[in-house]
Engineer: 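Here you go, one structure.
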Amino acid sequence: MSTTSGRTLGGRRAQAARNDEVILEAARAVFLDDPKAPIAAVAERAGVGISALYRRYAGKEDLLRQLCHDGLRRYVAEAESALAEPDDWAAFTGFLTRVVDADVHSLTVHLAGTFTPTEEMGRDAMRAGELATALFERARASGRLRPDAVVHDLGLLLESCAAVRVPDAERTGQLRRRQLAVLLAGLSVPGADPLPGPPPAAGEFDWRWRPRE
């Protein structure tokens, strides 16, 4: 009896995990398309009852927070993985490629300011910044990074790739890879004309995370 009960409990947990994945995938699609969409649109897209959604998330803000925190954790994981790459330039470009493929920055562009970040998210954001800086400095040490680039240029680079979107998901991925290659070529030409204007500064884009009226 205990074995059967254990299997049942394990099956329920597995089903709950699958349901949560389906809900998060639906929420990502719905809110990237329209951040103002009601939470009921997520339940409809996921094919679950609204009560099933509310059992997991207290409200829309909790769901938005979860989406963005998952994206932040993915960024941190990719950066930590890249640091194990022995080739400094390959570590840098491989990290950026995987983050672009994961479409992390679409969440930032579309959902910043739609919820209040937690202290844990703040700590993870600081960790993300530290890791990105380490990869950036390794790229600089490789001699292939233009001297007037700064680590905060990476946010702009990633957001410009996230802005590339067409109806076909596979084609979107191809075009984003192409855009990234163009931008990396610009970053890796030390003899090019100087970049115009002051570089982006630390915290310059933090205003987006203030709750919107």
Side-chain angles (χ1 to χ4, degrees), residues 15-50 52-54 56-57 59-79 81-82 92-115 117 121 124-125 128 132 152-188 200 205 207-213:
Q15 184 61 48
R18 285 192 292 271
N19 288 346
D20 199 45
E21 185 176 347
V22 168
I23 288 171
L24 288 173
E25 287 178 358
R28 180 186 176 93
V30 167
F31 293 136
L32 285 183
D33 194 43
D34 178 12
K36 295 182 179 180
I39 197 170
V42 176
E44 181 179 358
R45 188 179 183 99
V48 301
I50 193 70
L53 196 153
Y54 276 119
R56 292 170 173 81
Y57 301 97
K60 179 178 175 178
E61 184 168 340
D62 282 348
L63 192 49
L64 293 168
R65 188 181 294 110
Q66 183 69 49
L67 284 174
C68 282
H69 203 173
D70 284 351
L72 180 56
R73 291 186 181 112
R74 177 67 180 273
Y75 184 98
V76 168
E78 295 296 355
S81 176
F92 179 67
T93 59
F95 161 67
L96 293 175
T97 299
R98 291 190 296 274
V99 171
V100 167
D101 287 347
D103 197 18
V104 168
H105 282 70
S106 285
L107 295 170
T108 299
V109 172
H110 289 79
L111 303 184
T114 60
F115 63 90
M121 290 183 73
D124 285 344
H152 304 296
D153 284 313
L154 298 186
L156 297 176
L157 178 152
L158 291 167
E159 288 188 21
S160 69
C161 290
V164 177
R165 187 181 297 274
V166 295
D168 181 82
E170 183 177 357
R171 183 59 178 150
T172 293
Q174 292 171 347
L175 291 171
R176 286 176 174 172
R177 285 275 188 116
R178 182 181 177 88
Q179 176 72 357
L180 177 60
V182 169
L183 295 169
L184 283 173
L187 276 180
S188 59
F205 296 95
W207 61 270
R208 295 183 298 188
W209 293 99
R210 299 172 192 150
R212 298 173 187 173
E213 294 294 336

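A quick note: this is a predicted structure, and the numbers were derived from the prediction, not measured.
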Engineer: Of all the heavy-atom pairs spanning Y75 and A132, show the shortest one and how long it is.
Structural biologist: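 Shortest heavy-atom contact: OH-CB, 3.4 Å.
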Engineer: Roughly how far, to the nearest 0.5 Å, is CE of M121 from SG of C68?
Structural biologist: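 Reported value, rounded in 0.5 Å steps: 5.5 Å.
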Engineer: Testing the basics here: between L107 and L67, what is the closest heavy-atom pair and its distance to 0.1 Å?
Structural biologist: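 That closest heavy-atom pairing would be CD1-O, 3.5 Å.
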Engineer: Would you mind writing out the side-chain donor-acceptor pairs for residues 32-47 within the sub-3.5 Å range, not counting sequence neighbours?
Structural biologist:
unit_1, atom_1, unit_2, atom_2, d
D34, OD1, K36, N, 3.0

Engineer: What distance separates D101 CG from T172 OG1, expressed to the nearest 0.5 Å?
Structural biologist: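 Answer for the CG-OG1 pair, D101 versus T172, is 12.0 Å.
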Engineer: H110 side chain to S106 main-chain N or O, any donor-acceptor pair under 3.5 Å?
Structural biologist: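 Indeed, once roles are kept as given, a pair shorter than 3.5 Å links the two residues.
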Engineer: Is the number of heavy atoms from other residues, nucleotides or ligands under 6.0 Å of R165 CZ greater than 12?
Structural biologist: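 Yes, enclosed.
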Engineer: If you measure from the Lys or Arg side-chain nitrogens to the Asp or Glu carboxylate oxygens, is any gap between R56 and D62 under 4.0 Å?
Structural biologist: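 Salt bridge flag = no for D62 with R56.
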Engineer: Say whether, by atom type as modelled, one donor and one acceptor occur between the side chain of S81 and the main chain of A77 under 3.5 angstrom.
Structural biologist: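 No.
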Engineer: Flag the pair L157 / D153 as yes when at least one side-chain heavy-atom distance between them is below 4.5 Å, and no otherwise.
Structural biologist: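 Answer no - side chains too far apart.
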Engineer: About how many Å separate CZ of F92 and CG of L187, when rounded to the nearest 0.5 Å?
Structural biologist: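 Going from CG on L187 over to CZ on F92, the span is 5.5 Å.
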Engineer: Supply the atom-to-atom distance T108 OG1 to W209 CH2, rounded to the nearest 0.5 angstrom.
Structural biologist: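 Interatomic distance, T108 OG1 to W209 CH2, rounded to 0.5 Å: 4.5 Å.
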Engineer: Check the pair V100, F95 against side-chain contact (heavy atoms from CB on, under 4.5 Å), reporting the backbone distance first and the verdict last.
Structural biologist: CA-CA 9 Å; V100 167; F95 161 67; over 6 Å; no
Engineer: Does R176 use its side chain to pair, donor to acceptor, with the backbone of V164 at less than 3.5 Å?
Structural biologist: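 Side chain of R176 to backbone of V164: a pair is present.
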Engineer: Assess whether a salt bridge exists between R28 and E21, defined as any Lys/Arg side-chain N lying under 4.0 Å from an Asp/Glu carboxylate O.
Structural biologist: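 Salt bridge between R28 and E21, a charged N being under 4.0 Å from a carboxylate O: no.
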Engineer: Looking at L156 and P200, what are the two nearest heavy atoms and their distance?
Structural biologist: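 Distance-wise, the nearest heavy atoms are CD1-CG, 3.9 Å.
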Engineer: Please tell me if the side chains of P117 and R65 come closer than 4.5 Å, counting only heavy atoms from C-beta onward.
Structural biologist: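 The answer is no, as the side chains (C-beta and beyond) never meet within the 4.5 Å cut-off.
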Engineer: To the nearest 0.5 Å, how far apart are CG in L63 and CG in L53?
Structural biologist: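 If I round to the nearest 0.5 Å, the distance is 6.0 Å.
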Engineer: Give the intermediate values and the outcome of side-chain contact (heavy atoms from CB on, under 4.5 Å) for residues Q66 and F115.
Structural biologist: CA-CA 10 Å; Q66 183 69 49; F115 63 90; over 6 Å; no
Engineer: Walk me through whether H69 and D124 qualify under side-chain contact (heavy atoms from CB on, under 4.5 Å).
Structural biologist: CA-CA 8 Å; H69 203 173; D124 285 344; 2.6 Å; yes
Engineer: Between D70 and R73, is the closest basic N to carboxylate O distance under 4.0 Å?
Structural biologist: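 Salt bridge present between R73 and D70.
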Engineer: Quick one: closest heavy-atom pair of Y54 and G59, and the distance?
Structural biologist: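 Looks like CE2-CA, 4.1 Å.
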Engineer: Can you tell me how far the CG atom of L183 sits from the SG atom of C161, to the nearest 0.5 Å?
Structural biologist: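 Between atom CG of L183 and atom SG of C161 there are 5.0 Å.
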